[in-house]
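Heads up: the structure comes next, in structure tokens.
Reminder, nothing fancy here: chain letters follow the sequence lines and each chain counts from 1.
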Protein chains: 2
Amino acid sequence: MPDRHTLAETEKAMSAHVSDLPLNFPAAAAVSSLYRAANAVRVHLTNSVLRQHGLTWTGFVVLWVVWIWDGLETRRAAENAAISKATLTGVVKTLEARGLITRRVSETDRRLVHLELTPDGLSLMKELYPIFNAAEAEVVAGLSPRSVAQLTNSLRSIVTELETKSTAAMSEEAS
Amino acid sequence: MPDRHTLAETEKAMSAHVSDLPLNFPAAAAVSSLYRAANAVRVHLTNSVLRQHGLTWTGFVVLWVVWIWDGLETRRAAENAAISKATLTGVVKTLEARGLITRRVSETDRRLVHLELTPDGLSLMKELYPIFNAAEAEVVAGLSPRSVAQLTNSLRSIVTELETKSTAAMSEEAS
DNA sequence: GGCCTGTCGTTTGGGCCCGAACAATATCGT
DNA sequence: ACGATATTGTTCGGGCCCAAACGACAGGCC
């Protein structure tokens, strides 16, 4: 076990610098934990499941949304994968080169590009997703089912809150 | 409001593909929410606070840990910021070029590099962190204090669980 | 028809991200 | 003393990440 700084030590060092300021410590702890947990989960699932199949986390997420929706347009794939259109272009290029996904320009609206899994991509997801899900289950295995449900609810509440803020800022911009 | 896929629609599309498989849906929902929330928070805090100061999320995190610990060695900075040593090298190079941080090779062990804030870096953090923390508070404003505490606990539990797994895998490797 | 406005996916440029390989340095065993 | 072993920060290569600028295209409005 590396002698890294413990949580308690970090909080002590922190309070030595900012204890005289009117800060919201629980909020800081929540955001910090959120970042670290998401990172740890991404690293763990990548190393334990995805890497041996030559997939990155983002690549897998893109394959997953295209699979679940039986193919969709680029803009919706980016929304569902929570990445920008620019990023998606690069990721799709990688997946296309691996023969897992195909791009097809729409006949009715030539601006749109429709994404779909190849047979190889489809069989990969059918094989891989149950394994991936089992690893996801392990990640939350230490929590009670009730805690997992509460966790999911709180996280979704945060996402909703921020999406509201974001669209509010956009309409303010437009006025 | 863009007509993106709702949560309920996604779950419906998902069950159409995998309802016959023995999957752990609550675990999948938790991991997915975790990823999306962390992403949304990072984007929000970057755009609303960090960008106008020319800082990235990771750059800010590195500055923060160096600040809180009154300077530390590269390997500890990477641990505390939850990024790899390789990534830290690049981030520090950026921060050094902006005049916010300094690198100093240790006298007693010439392998070690000590990181410290410059006066500019110090005054930036003193000005910026209260603003950043206020934005963090907004992020969890929709949750009750009790929910925030539970959220933090659950997330820390996940991190601890994964760190245990990771060190267990390493000692297995070594044997 | 001919603009005008908005939307689509891509490109560009700069930065983060990591694993693996590496050179420099320290430490341990003998 | 001195080779074997371990640790540190860096480099390298490939991939992800995004904002901004861009060209292609669709639809509305005169």
Side-chain angles (χ1 to χ4, degrees), chain A residues 2-3 35 38-40 42-48 50-52 54-63 72-79 81-98 101 103-115 166 170 173-174, chain B residues 2-3 35 38-40 42-48 50-52 54-63 72-79 81-98 101 103-115 166 170 173-174:
Chain A
D3 61 340
Y35 173 61
N39 208 48
R42 182 180 55 76
V43 169
H44 176 68
L45 294 181
T46 299
N47 289 341
S48 68
L50 266 26
R51 182 179 304 283
Q52 57 200 293
L55 287 178
T56 62
W57 171 269
T58 305
F60 176 77
V61 170
V62 169
L63 283 181
L72 28 53
E73 289 133 29
T74 293
R75 70 188 192 285
R76 299 222 184 282
E79 277 171 14
I83 59 179
S84 70
K85 295 183 302 171
T87 299
L88 185 69
T89 296
V91 174
V92 167
K93 197 173 294 180
T94 301
L95 295 173
E96 201 180 9
R98 301 186 78 91
I101 214 171
R103 296 168 64 262
R104 182 171 51 75
V105 175
S106 164
E107 298 288 336
T108 57
D109 186 338
R110 302 188 58 78
R111 292 171 305 180
L112 272 47
V113 173
H114 191 81
L115 303 176
S166 158
M170 286 198 314
E173 187 111 1
Chain B
D3 60 340
Y35 173 62
N39 208 47
R42 183 181 55 76
V43 168
H44 176 69
L45 294 180
T46 299
N47 288 341
S48 68
L50 267 27
R51 181 179 305 283
Q52 56 200 292
L55 287 177
T56 63
W57 172 269
T58 305
F60 176 76
V61 170
V62 169
L63 283 180
L72 28 56
E73 290 133 28
T74 294
R75 70 188 192 285
R76 299 222 184 283
E79 277 171 15
I83 59 179
S84 70
K85 294 182 304 173
T87 299
L88 185 68
T89 296
V91 174
V92 167
K93 196 173 295 181
T94 301
L95 295 173
E96 201 179 9
R98 302 185 79 90
I101 214 171
R103 296 168 63 262
R104 183 170 50 76
V105 175
S106 163
E107 298 289 336
T108 58
D109 186 338
R110 302 187 57 76
R111 293 171 302 180
L112 272 46
V113 173
H114 191 80
L115 302 177
S166 159
M170 286 198 316
E173 186 111 1

Separation of atom CZ in A:Arg103 from atom P in C:dC8, rounded to whole Å: 16 Å
May I ask you to check whether over 12 heavy atoms, not counting those of B:Gln52, lie within 6.0 Å of atom CD? yes
What are the two closest heavy atoms between B:Leu55 and B:Phe60, and how far apart are they? CD1-CD1, 4.2 Å
Residue set satisfying side-chain hydrogen bond (donor to acceptor under 3.5 Å, both in side chains) with A:Arg111, at least two apart, ordered chain then number -> A:Asp109
When the distance from CZ of B:Arg110 to C1' of C:dA23 is rounded to whole Å, what number comes out? 14 Å
Name all residues meeting the side-chain hydrogen bond (donor to acceptor under 3.5 Å, both in side chains) criterion together with B:Ser106; count only those two or more places apart in sequence or in a different chain, and write none if there are none. B:Thr108
So where does chain B start and stop touching DNA chain D, 5' to 3', when the test is distance under 4.0 Å to a non-hydrogen atom? D:dT7 to D:dA19
Taken in chain and number order and not counting sequence neighbours, the residues that satisfy side-chain hydrogen bond (donor to acceptor under 3.5 Å, both in side chains) with B:Thr58 are none
Residues forming a side-chain hydrogen bond (donor to acceptor under 3.5 Å, both in side chains) with B:Arg110, sequence neighbours excluded: none
Between CG of B:Leu95 and C1' of C:dC16 the distance, given in whole Å, is 12 Å
Just the rounded figure in Å: distance from C1' of C:dG9 to CG of A:Leu72. 15 Å
What integer distance in Å separates B:Trp57:CH2 from C:dC17:P? 11 Å
Select from B:Asp109 and A:Arg51 the residue whose nearest nucleotide in DNA chain C is closer to the 5' end of that strand. A:Arg51
Does any non-hydrogen side-chain atom of B:Arg75 lie less than 4.5 Å from one of B:Val113? no
Can you list, pair by pair, the side-chain donor-acceptor contacts under 3.5 Å of residues 81-98 of chain B, counting residues two or more places apart and other chains?
unit_1	atom_1	unit_2	atom_2	d
B:Ser84	OG	B:Thr87	N	3.1
B:Ser84	OG	B:Thr87	OG1	3.0
B:Thr89	OG1	B:Lys85	O	3.2
B:Thr94	OG1	B:Gly90	O	3.3

A:Arg76 CZ to C:dG9 C1', straight-line distance once rounded to whole Å: 14 Å
Looking at every non-hydrogen atom in both residues, tell me the closest pair between A:Arg76 and A:Leu72 and how far apart they are. CB-CD2, 4.1 Å
To the nearest angstrom, how far is B:Leu55 atom CG from C:dG14 atom C1'? 15 Å
How many whole angstroms separate atom CD of B:Glu96 from atom P of C:dG15? 14 Å
Would you mind telling me which residue lines up with the more 5' stretch of DNA chain D, B:Arg42 or B:His114, judged by nearest nucleotide? B:His114
Does the side chain of B:Thr58 get closer than 4.0 angstrom to OP1 or OP2 of C:dC17 through an N or O atom? yes
How long is the gap from CG on B:Leu45 to CZ on B:Arg51, to the nearest 0.5 Å? 12.0 Å
Below 3.5 Å between N/O atoms, which protein atoms pair up with nucleotides 5-7 of chain C? Just atom names and distances, please.
unit_1	atom_1	unit_2	atom_2	d
C:dG6	N2	A:Arg111	NH1	3.0
C:dT7	O2	A:Arg111	NH1	3.1

Measuring only between side-chain heavy atoms, which start at C-beta, is A:Leu115 closer than 4.5 Å to A:Arg103? yes
When we call it a touch if two heavy atoms are under 4.0 Å apart, what does B:Thr108 touch: a base, just sugar-phosphate, or nothing? sugar-phosphate
Once you round to the nearest 0.5 Å, how far does CD of A:Glu79 lie from CD of A:Glu73? 10.0 Å
Can you sort out which residues in residues 81-92 of chain B have a heavy atom within less than 4.0 Å of DNA chain C? Ascending by number, please. B:Ile83, B:Ser84, B:Ala86, B:Thr87
